[in-house]
Amino acid sequence: MSKLVIVGTVAFDAIETPFGKTDKILGGAATFIGLSASQFNVDSAIVSVVGGDFPQEYLDLLSEKNIDISGIEIIKDGKTFFWSGRYHNDMNSRDTLATELNVLADFNPVVPQDYKDAEIVMLGNLHPIVQSSVLDQMTKKPKLAILDTMNFWMDSALEDLHNVIKRVDVITINDEEARQLTGEYSLVVAARKIHEMGPKYVVIKKGEHGALLFHNDSVFYAPALPLEEVFDPTGAGDTFAGGFAGYLAKTGDVSFENMKNAVIYGSTLASFCVEKFGTERMENLPKKEVHQRLQQFKDLTQFDIELT
């Protein structure tokens, strides 16, 4: 089993959807990634920063999932990163109501000594310079470096983003971001252009329409499981990334064939995340339920074609 380093936000969210609204609740990319990866009982650590207003019970929740939290810096007189958003009726589009960087504005990540040799690094959505600084701290080249990013950094830090993209093996972005990054509408052409930027593997997330995995001329597609109700899409992409990275860390196999399995596990775990607000569904998700849903995925996607 490989060690996994997770870098990203540990934060507060306030969410409004057609199904209701929340006050400040636990959120953040690293939180969702960590909870998802914990399904595989991997040796993982989160590198992040919070303020003195961050409840101890949230830190305890992460610790109880066997996630090393020594890399989460606590700035006692600071406030934790906060994001608030309102989703439209289609649950695909949303309006950001508030973004308060707070302690994240001056975040300098410090990878715990015991994890500087981690085989797998999951760089959650943060400023590309912060992501690069994590790679600089690794004592050996990771077996697999995975990067998630968003259109905000394409608008505000494109050169820095290109510099870190050169250094990673896998990039996970959504279809809109892939098109913006490359200027190409076709996702096949966009993936080829991203390959040329550095990553060997490109994962393009398409929300309720599943995910695509590209490697050279090979393409794998995993649908999203059709769900009766989607309460809150926040964190679904990070949950996908956590399942993807967690599965690869557990198996230690970073081949394209095994990444297909990782995409299915990531999609499966993301399907749970959206069923309740915030991290609620992921906090106590029984492995039995995950196994049952994996079977549903198998039934959804596998059949014998009779060639005539």
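Fair warning: this is a prediction, and the values are worked out from it, not measured in the lab.
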Quick one: do E73 and N108 satisfy side chain to side chain donor-acceptor pair (under 3.5 Å)? Show the steps, please. CA-CA 9 Å; E73 182 185 1; N108 290 308; over 6 Å; no
Under 6.0 Å from the ring centre and within 45 degrees of the ring axis: does the NZ or CZ of K276 meet both conditions for the six-membered ring of F231? no
I'd like to know whether the aromatic ring centres of F40 and Y265 sit less than 6.0 Å apart in this structure. yes
Residue pair V134 / V111, side-chain heavy-atom distance below 4.5 Å: yes
Looking at F272, is R293 sitting on its ring face, NZ or CZ under 6.0 Å from the six-membered ring centre and within 45 degrees of the normal? yes
Any side-chain donor near an acceptor of the partner, T80 and D53, under 3.5 Å: yes
Please work out which of the three classes, parallel, tilted or perpendicular, describes the rings of F244 and F240, given edges at 30° and 60°. parallel
For I6 and S44, the nearest pair of non-hydrogen atoms, with its separation, is CD1-CB, 4.3 Å
Is the shortest distance from a Lys or Arg side-chain nitrogen in D60 or K65 to a carboxylate oxygen in the other one below 4.0 Å? no
Does the side chain of N163 pick up a donor-acceptor pair with the side chain of E159 at under 3.5 Å? no
Could you go step by step and tell me if I120 and K3 meet the side chain to side chain contact (heavy atoms under 4.5 Å, CB included) rule? CA-CA 6 Å; I120 297 191; K3 286 184 191 173; over 6 Å; no
Quick one: list whatever passes ring pair (Phe, Tyr, Trp, His ring centres under 6.0 Å) with Y201, sequence neighbours left out. H215
Decide yes or no on ring pair (Phe, Tyr, Trp, His ring centres under 6.0 Å) for F54 and F12, but give the supporting numbers first. CA-CA 8 Å; F54 195 74; F12 292 128; 5.6 Å; yes
Less than 3.5 Å apart, any donor N or O on the side chain of D117 or T139 sitting next to an acceptor on the other? no
Using distance alone, with no hydrogens and no angle criterion, decide if Y58 and T31 have a side-chain donor and acceptor under 3.5 Å apart. no
For the residue pair H88 / D95, report whether a side-chain donor-acceptor contact shorter than 3.5 Å exists. yes
Tell me, please, which residues at least two apart from E289 pass salt bridge (charged side-chain N to carboxylate O under 4.0 Å, His left out). R281
Verdict with reasoning, R86 to E16, per salt bridge (Lys or Arg N to Asp or Glu O under 4.0 Å): CA-CA 5 Å; R86 180 192 297 119; E16 189 177 332; 3.5 Å; yes
Side-chain donor-acceptor pair under 3.5 Å between D160 and Q131, yes or no? no
Using the rule given for side chain to side chain contact (heavy atoms under 4.5 Å, CB included), can you reason through D13 versus F277, listing the C-alpha separation, both sets of side-chain angles and the distance that settles it, and then say yes or no? CA-CA 10 Å; D13 288 341; F277 280 108; over 6 Å; no
Just checking, any donor-acceptor pair under 3.5 angstrom between side chains of D253 and T251? no
Could you see if V189 belongs to whatever hydrophobic cluster contains I204? Use Ile, Leu, Val, Met, Phe, Trp, Tyr and a side-chain cutoff under 4.5 Å. no
How far apart are the C-alpha atoms of V164 and L147, what are their side-chain angles, what is the distance that settles it, and do they pass the side chain to side chain contact (heavy atoms under 4.5 Å, CB included) test? CA-CA 9 Å; V164 74; L147 177 134; 3.5 Å; yes
